[in-house]
**Q** 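If you scroll down you'll find the structure; I have some questions about it.
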There are 2 protein chains.
Amino acid sequence: MPSLSCEPLRHGAPEERARQATPGRRLDGSVIRHLDFFKELDDSALDDIAGAARPERIPRGEALFRQGEPPHALFIVLSGRFKAIQVTPEGRQVVVRLAGPGDLIGHVSVFAEKPYPATPTAATESIALMWSPRTFIALMARHPPLSLAVVRNMGRFIEEAHTRLRESSTERVERRIAHAVLRLAQQAGHRVDGGVEISFPMTRQDLALMTGATLHTVSRVLSAWEQQGVVGGGRQHLVLRDPQALARIAEEC
Amino acid sequence: MPSLSCEPLRHGAPEERARQATPGRRLDGSVIRHLDFFKELDDSALDDIAGAARPERIPRGEALFRQGEPPHALFIVLSGRFKAIQVTPEGRQVVVRLAGPGDLIGHVSVFAEKPYPATPTAATESIALMWSPRTFIALMARHPPLSLAVVRNMGRFIEEAHTRLRESSTERVERRIAHAVLRLAQQAGHRVDGGVEISFPMTRQDLALMTGATLHTVSRVLSAWEQQGVVGGGRQHLVLRDPQALARIAEEC
DNA sequence: CGTGGAGTTGAGTAACTTCAAGGATCGTGG
DNA sequence: CCACGATCCTTGAAGTTACTCAACTCCACG
């Protein structure tokens with residue numbers, strides 16, 4: 001791992017965390033039953049798992065935790081969206097990941113017993129469940145299917161990382177952006193008349209951070225696409241008008 | 001996932017696999033006890049795990065399996081080195097990973113139940129243990145610490161992927177190469193007089209595939225470093241003469 | 001109605017790639 | 001032992017992509 005010596009990390013705005021933990025009674029399995037992640041688990045396991053969790057509401061713009069902190073918890077997203085931003089020692093940023101309902105956050109650090117590698121910020125108001133490392137590991141030992149679910153989830157995770165890695169080293173910017181937009185549409189798009197809309201605020205800057213391009217290049221590319229009627233929308237708002245055309249741009253032989 | 005429609009994948013040379021499975025008796029825990037990966041497991045568990053495995057000897061240049069195949073097994077490296085090469089739909093290659101003793105191979109696909117995403121080729125003569133998916137999943141259920149070990153291992157995996165992802169989108173080629181070489185030295189270097197030697201054949205081409213650069217650029221960069229006395233060696237052979245200098249190149253603010 | 005975040009667009013340029021040609025090193029078979 | 005083909009490596013020159021720098025517009029929101 002590269003040292004952090006070069007420059008003190010800046011962790012975005014220094015706002016205080018004032019998250020709201022819903023107080024009171026233990027949760028039951030019903031809050032997580034619908035999530036794909038838990039589909040192999042039976043009701044009593046679900047109750048056990050949910051019962052050990054603490055729910056948190058995270059307002060837009062707030063972070064679940066911050067890069068560099070020791071991993072004190074792991075989370076699963078119930079609703080909303082997070083973008084995980086990693087800051088390099090030189091102060092550059094990268095969006096390493098987007099997470100939506102059913103995605104685990106922080107598990108990698110918890111299992112590896114290493115500091116969180118990125119800061120996951122709520123892109124929209126979100127709700128997540130939280131467990132302490134020990135609690136969760138105990139749950140895994142108690143419910144083997146949970147282990148398997150974690151492993152499967154991490155597998156998908158790795159696949160995505162490798163896909164992006166491959167893209168970023170073999171593909172030109174325009175294509176990378178096309179892939180990123182298609183992935184976004186798949187993960188977080190909903191149909192509207194005349195296209196698929198990305199259902200959370202997405203700036204050119206974000207797209208740039210996701211593709212390893214600059215804000216400027218992304219803007220130029222999107223402008224060109226807009227003229228061709230491939231995408232639409234403006235200001236933190238993206239609509240895919242012609243997915244086929246975009247797919248062609250992404251895959252062109 | 002991008003479709004594979006563009007062009008039929010070429011899988012390198014069409015040599016037949018003539019691997020040698022050591023025949024005969026069940027293995028016992030002694031073959032895996034020394035591996036870091038298994039350090040949380042007790043002797044009876046180790047015997048159980050090793051006993052269910054089949055050892056394979058893989059000569060240099062042979063593949064453990066091929067990209068696109070359904071995952072019929074997962075492996076752990078006992079000795080040797082593999083490089084996992086992914087071929088893009090357009091026919092470009094990327095080295096997504098290097099694996100040495102104690103590393104799992106194929107687990108991601110097995111758990112995700114998706115085709116293998118890359119072809120791991122032995123960079124030197126290697127020995128690996130093999131399990132069928134069902135066997136291994138049963139072992140995990142039987143030995144919770146094994147699950148945990150898998151999860152931890154995948155965690156490190158993800159971290160590395162993210163590090164590379166970040167590097168490849170924020171760093172210039174020279175630095176990416178510096179990081180790659182440092183990582184190599186760390187993972188597979190041994191001290192020799194006047195430096196650290198990478199202990200398996202490593203071509204400029206490989207380095208290029210690992211960093212998303214071209215063979216030519218890598219060659220130029222290494223030539224420059226050689227003149228400065230930072231690295232040495234030739235033809236598939238790399239010696240780090242001045243790790244400090246390289247670290248400076250890699251981290252420079 | 002002004003302020004700031006978000007986006008656009010142009011001009012210049014650096015970093016890499018591509019193209020091209022040739023040199024070094026290895027293994028193999030005569 | 002030497003010639004050979006196959007890899008691997010080097011280096012120059014030309015060409016491109018996408019970045020940097022810079023100025024400007026648009027819009028939302030207080």
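Every chain is numbered from 1 and lettered A, B, ... according to where its sequence line falls, protein lines coming before strand lines. Side chains included, hydrogens not; waters and symmetry mates left out as well; all remaining heavy atoms used.
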**Q** For B:Ser223, which contact category applies under a 4.0 Å heavy-atom criterion: base, sugar-phosphate, or nothing?
**A** sugar-phosphate
**Q** What I'd like to find out is whether the side chain of A:Ile105 reaches to under 4.5 Å of the side chain of A:Leu74, using heavy atoms alone.
**A** no
**Q** Measure from CD on B:Gln227 to P on D:dT10 and round the result to the nearest Å.
**A** 11 Å
**Q** If only side-chain N and O atoms of A:Thr203 are considered, is one of them under 4.0 Å from the OP1 or OP2 phosphate oxygen of C:dA6?
**A** no
**Q** Do A:His162 and B:Gln86 have a side chain donor and acceptor closer than 3.5 Å?
**A** no
**Q** I'd like to know if A:Arg220 reaches the base of D:dT17 with its side chain, counting only an N/O donor and acceptor under 3.5 Å.
**A** no
**Q** Thinking salt bridges, do A:Glu125 and A:Arg81 make one under a 4.0 Å N-O criterion?
**A** no
**Q** Where is the tightest heavy-atom contact between B:Thr119 and B:Gln67, given as atom of each residue plus distance?
**A** OG1-N, 2.8 Å
**Q** Looking at the side chain of B:Val173, which of C:dC16, D:dA18, C:dC19 is the nearest nucleotide?
**A** C:dC16
**Q** In whole Å, what is the span from the CE atom of B:Met202 to the P atom of D:dC9?
**A** 10 Å
**Q** Calculate the interatomic distance between A:His216 atom NE2 and C:dG5 atom C1'; express it in whole Å.
**A** 14 Å
**Q** With a non-hydrogen cut-off below 4.0 angstrom, is B:Gly233 in contact with a base, only sugar-phosphate, or nothing?
**A** nothing
**Q** Without decimals, in angstroms, what is the distance between B:Glu174 CD and C:dC16 C1'?
**A** 13 Å
**Q** Output the rounded distance in Å from CD (A:Glu171) to P (D:dT16).
**A** 21 Å
**Q** Report the residues that fulfil side chain to side chain donor-acceptor pair (under 3.5 Å) with A:His216, sequence neighbours left out, ordered by chain and then residue number.
**A** none
**Q** Hey, does the side chain of A:Arg241 reach the backbone of A:Gly194 with a donor-acceptor pair shorter than 3.5 angstrom?
**A** yes
**Q** To the nearest Å, how far apart are B:Leu238 CG and D:dC8 P?
**A** 15 Å
**Q** Between C:dA6 atom C1' and A:Glu226 atom CD, what is the distance in whole Å?
**A** 14 Å
**Q** Measure from the side chain of B:Leu215, starting at C-beta and using heavy atoms only, and say which of C:dC16, D:dA18, D:dT10 lies closest.
**A** D:dT10
**Q** From the list C:dT17, C:dT9, C:dC16, which nucleotide is the closest neighbour of the side chain of A:Arg172?
**A** C:dT17
**Q** C:dG7 phosphate, OP1 or OP2: any side-chain N/O from A:Ser219 under 4.0 angstrom?
**A** no
**Q** Side chains of B:Ser168 and A:Ser168: donor-acceptor distance under 3.5 Å anywhere?
**A** yes
**Q** Just to confirm, is there a sub-4.0 Å distance from OP1 or OP2 of D:dC19 to any side-chain nitrogen or oxygen of A:Thr214?
**A** yes
**Q** Protein-nucleotides 26-28 of chain C N/O pairs closer than 3.5 Å?
**A**
none

**Q** Report the distance from atom CZ of B:Arg204 to atom P of D:dT7, rounded to the nearest whole Å.
**A** 18 Å
